[in-house]
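Data block below; observations after.
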Amino acid sequence: MLPQEVKNVLSRLEAAGFAAYAVGGCVRDMLRLVTPHDYDITTAARPEDVLALFDGCAIPTGLQHGTVTVRQNGQSFEVTTFRADGPYTDHRRPDSVQFSHSLQEDLRRRDFTINAMAMDLRGTVYDFHGGRKDLEKGLLRCVGDAETRFGEDALRILRCLRFASVLGFAIEEETAAAVENCAPLLGHIAAERIREEMTKLLCGDGALEVLLTYPRVFGTFLPEILPCVGFDQQNVHHLYDVWQHTAHAVAAAPKEPLLRWTLLLHDLGKPGCFTVDEAGQGHFYGHDALGAALAADITRRLRFDKKSAQRIELLIARHMRQIEPTEKAVGRVLRQLGEEALRQLLIVKRSDASACHPDFAWQTGHLDEAEAVLDRLLAQETCFTLRHLAVNGHDLMAIGLQGSAIGQALNAALDAVAEGTLINEKEALLDWIANR
Ligand code: ATP
Ligand code: MG
């Protein structure tokens with residue numbers, strides 16, 4: 001099952017007298033008949049032995065943890081010396097690591113039984129913690145005592161939920177209890193790591209189930225979701241409470257990080273905007289704007305790149321606005337947002353609509369029509385952008401406009417030109433803008 005390059009590395013180590021194995025995620029994936037995306041190797045050889053043995057194709061990438069990257073035939077493999085972790089005081093990384101001579105010791109430090117198996121050159125699997133059985137049962141179980149293991153490194157809590165989502169696995173009872181009990185320790189984990197795990201989790205097949213089951217864990221770093229849990233919308237269009245609706249909307253979206261994050265955050269403004277009308281129907285006027293502001297704060301805390309953060313904020317701010325399936329209406333939004341953001345907005349609106357109530361699923365038809373109009377407009381190549389306009393911001397400043405009025409005037413002029421009610425000539429445009 002092992003690729004030839006991995007076998008080459010293992011046999012070279014063995015020939016030099018060092019035990020060596022493929023380990024962790026790659027063994028898990030091979031056993032469940034999925035092609036691994038990378039192969040990690042664990043060995044009795046010390047980093048200096050590995051560097052000497054693979055002289056010229058070895059890079060010391062993480063010597064303090066015993067890791068050397070070996071290049072073979074254009075591929076890279078992380079070769080790490082058998083290790084036992086010292087005590088943990090910061091709930092994330094061991095204070096020290098000791099190199100070891102024992103595979104058994106190395107496997108004991110790994111997080112889950114399904115990730116704690118090794119395979120040698122001949123395909124023999126070393127499984128001291130029942131990983132194979134758990135893999136067959138579809139179970140995530142900590143190696144050793146779950147509370148101890150999550151206490152050592154709190155990131156394992158989120159890794160557990162991530163694997164549950166991506167693999168569609170259940171979480172064994174004691175491990176699941178420890179996930180809940182230890183969740184506050186996630187406060188010790190760097191925002192980037194939380195974001196990365198959460199992104200993988202959101203894009204997993206099992207995201208719906210995991211989101212529905214563990215909101216309190218997510219609430220340790222996204223406290224904004226807690227008021228949504230169990231929040232009755234009191235509205236005929238909604239079958240679910242706000243959090244259930246959110247989870248269904250995430251699951252309805254394509255498995256693309258930006259879209260799934262947007263849907264996760266899209267309704268966080270609801271609890272803060274709730275009103276009930278005389279007929280007893282619940283409403284959430286303004287939740288799109290409030291939600292966009294909450295999302296902006298969250299993406300800043302979780303250190304999203306600026307471009308993604310702004311796009312998420314925009315999509316949430318716009319998610320309630322109707323887009324009529326007419327050339328005029330779609331054309332306007334197209335000119336404001338550009339094609340990419342508009343397509344994303346249509347997906348966000350579709351995912352949102354499909355997670356409300358099955359009786360109102362027809363609403364997504366409206367969005368399909370809008371998308372068809374968009375395709376038609378783009379095919380006609382009649383769409384203008386601000387760059388095609390015969391005036392720019394400087395021209396408008398020259399006639400006395402300032403600040404946001406400039407952008408508004410440019411967009412209004414662009415709409416008028418695109419819709420054929422104004423000619424695209426400088427004089428005419430300035431005149432029209434001055435008399436607006
Ligand atoms: P993926 O498919 O996402 O790469 P993986 O299991 O290979 O999954 P990695 O983060 O690449 O995950 O880690 C490789 C291996 O290292 C794991 O299979 C596990 O044995 C071990 N490991 C990784 N992170 C931890 C951790 N925080 N605590 C304990 N063991 C860990
Ligand atoms: Mg891996």
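In what follows, residues are counted from 1 in the order of the sequence shown. Order of listing sets the numbers, starting from 1, for every ligand and every atom in it.
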I'd like a table of donor-acceptor pairs (distance under 3.5 Å, sequence neighbours excluded) in which one partner is a side-chain atom from residues 224-231, with atom names and distances.
unit_1: Glu224; atom_1: OE1; unit_2: Arg301; atom_2: NH2; d: 3.1
unit_1: Glu224; atom_1: OE2; unit_2: Arg301; atom_2: NH1; d: 2.6
unit_1: Glu224; atom_1: OE2; unit_2: Arg301; atom_2: NH2; d: 3.4

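A heavy-atom cutoff of 4.0 Å around ligand 1 is satisfied by the protein residues Gly24, Gly25, Arg28, His37, Asp40, Arg109, Arg110, Asp111, Asn115, Asp153, Arg156, Arg159, Arg162, Phe163.
Judged as a salt bridge (charged side-chain N to carboxylate O under 4.0 Å, His left out), the pairs with a partner in residues 176-195 (not counting sequence neighbours) are, in order, Glu192-Arg303, Arg193-Glu196. Among residue pairs with one or both ends in residues 281-293, none qualify as salt bridge (charged side-chain N to carboxylate O under 4.0 Å, His left out); sequence neighbours excluded.
Side-chain rings of His266 and His319 approach one another, their centers coming within less than 6.0 Å.
There is no side-chain donor-acceptor pair under 3.5 Å between Arg110 and Asn115.
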>> Apply side chain to side chain contact (heavy atoms under 4.5 Å, CB included) to residues Ile312 and Phe304 and explain how you reach the verdict.
In response: CA-CA 10 Å; Ile312 291 171; Phe304 276 69; 3.9 Å; yes
